[in-house]
Amino acid sequence: MGLFENADQSVFRAYIFWSSVLVVKMLVMSFVTATHRFQKKAFVNQEDIAKTPDLKLKFDDPDVERVRRAHRNDLENILPYFVITFFYILTNPNPLVAIVLFRIVALARITHTLVYAVVVIPQPARAIAWLIPYVSSLYMAFHTIAFFV
C-alpha cells in the first residue's frame with residue numbers, strides 16, 4: 001500500500017486550493033513591498049536610484065519595514081505549514097477536520113497580514129491571527145508524528 005492511497009481526494013484538493021491561496025497571498029506581499037518602496041522613495045539598492053541623483057538610499061522607512069516583517073513572518077510560518085500539511089494528508093485525517101483546518105489557517109494568515117501591514121490594528125489582533133495557524137500546524141505535526149511512529 002502506497003502513502004498516497006491513504007489520501008482522501010477532497011482533503012488533497014482542499015490542501016491544493018488553500019495552499020495556492022496562500023502562495024498568491026505571499027506573492028502579493030512582494031508587490032505591496034515594492035509599492036511602498038516607490039510611494040515612500042525608500043530604495044535599498046544603488047541601481048534603483050542611479051538615474052535619480054536627488055534620491056538617497058533609505059533602509060529604515062517604518063511602513064516598508066512593517067510590510068517586510070509581515071512578509072518575513074509569512075515565510076517563517078506558511079512554508080513549514082505547507083510541508084506539515086502535506087504530511088498530515090498522508091495520515092488520512094477526518095476530511096471535515098482537515099478541510100476546516102486548511103480554511104482557518106489560510107483565513108487567519110490573510111487576517112494576520114491585514115492587521116499587521118495593511119490596516120494596523122492594536123494587539124492582540126495580530127497575535128491571535130498568528131497563533132491560530134501556529135497551533136493548527138502544531139496539531140497537524142503531532143498528529144502526523146503519532147501516525148507514523
Please tell me whether Val32 and Val23 are part of a single hydrophobic cluster in this structure, the criterion being side-chain heavy atoms less than 4.5 Å apart.
no
Looking only at heavy atoms, the pair that brings Ala106 and Leu22 closest together is CA-CD2, 3.8 Å
Please tell me whether Thr33 and His71 have a donor and an acceptor in their side chains that are separated by less than 3.5 angstrom.
no
Heavy-atom closest pair, residues Phe59 and Glu65
O-OE2, 3.3 Å
Heavy-atom count check: over 12 atoms from other residues, nucleotides or ligands less than 6.0 Å from Arg13 CZ?
no
From Thr85 atom OG1 to Leu90 atom CG, the distance as rounded to the nearest 0.5 Å
11.0 Å
Minimum-distance pair of heavy atoms, taken over all atoms of Ile99 and Ala14:
CG1-CB, 3.7 Å
Exercise: identify the closest heavy-atom pair between Leu101 and Ser136
CD2-OG, 3.7 Å
With rounding to the nearest 0.5 angstrom, report the CG to CE distance, Asn73 to Met29.
9.5 Å
I need the minimum non-hydrogen distance between Phe86 and Phe12, along with the two atoms involved.
CE1-CE1, 3.9 Å
Cluster check Phe148, Met140: I/L/V/M/F/W/Y, side chain < 4.5 angstrom
yes
Side chains of Tyr15 and Val11, heavy atoms from C-beta outward: is any pair under 4.5 Å?
no
Kindly compute the distance separating CD1 (Ile78) from CE (Met26), expressed to the nearest 0.5 Å.
5.0 Å
Looking only at heavy atoms, the pair that brings Asp8 and Pro95 closest together is OD2-CG, 3.7 Å
Parallel, tilted or perpendicular, as decided by the 30° and 60° cut-offs, for the rings of Tyr88 and Tyr139:
perpendicular
Residues clustered with Val100, ILVMFWY side-chain links under 4.5 angstrom
Leu96, Ile104, Ile128, Ile132
For Gln123, the side chain to side chain contact (heavy atoms under 4.5 Å, CB included) test, sequence neighbours excluded, returns Arg126, Ala127
Would you call the rings of Tyr134 and Trp130 parallel, tilted or perpendicular, where under 30° means parallel and over 60° means perpendicular?
parallel
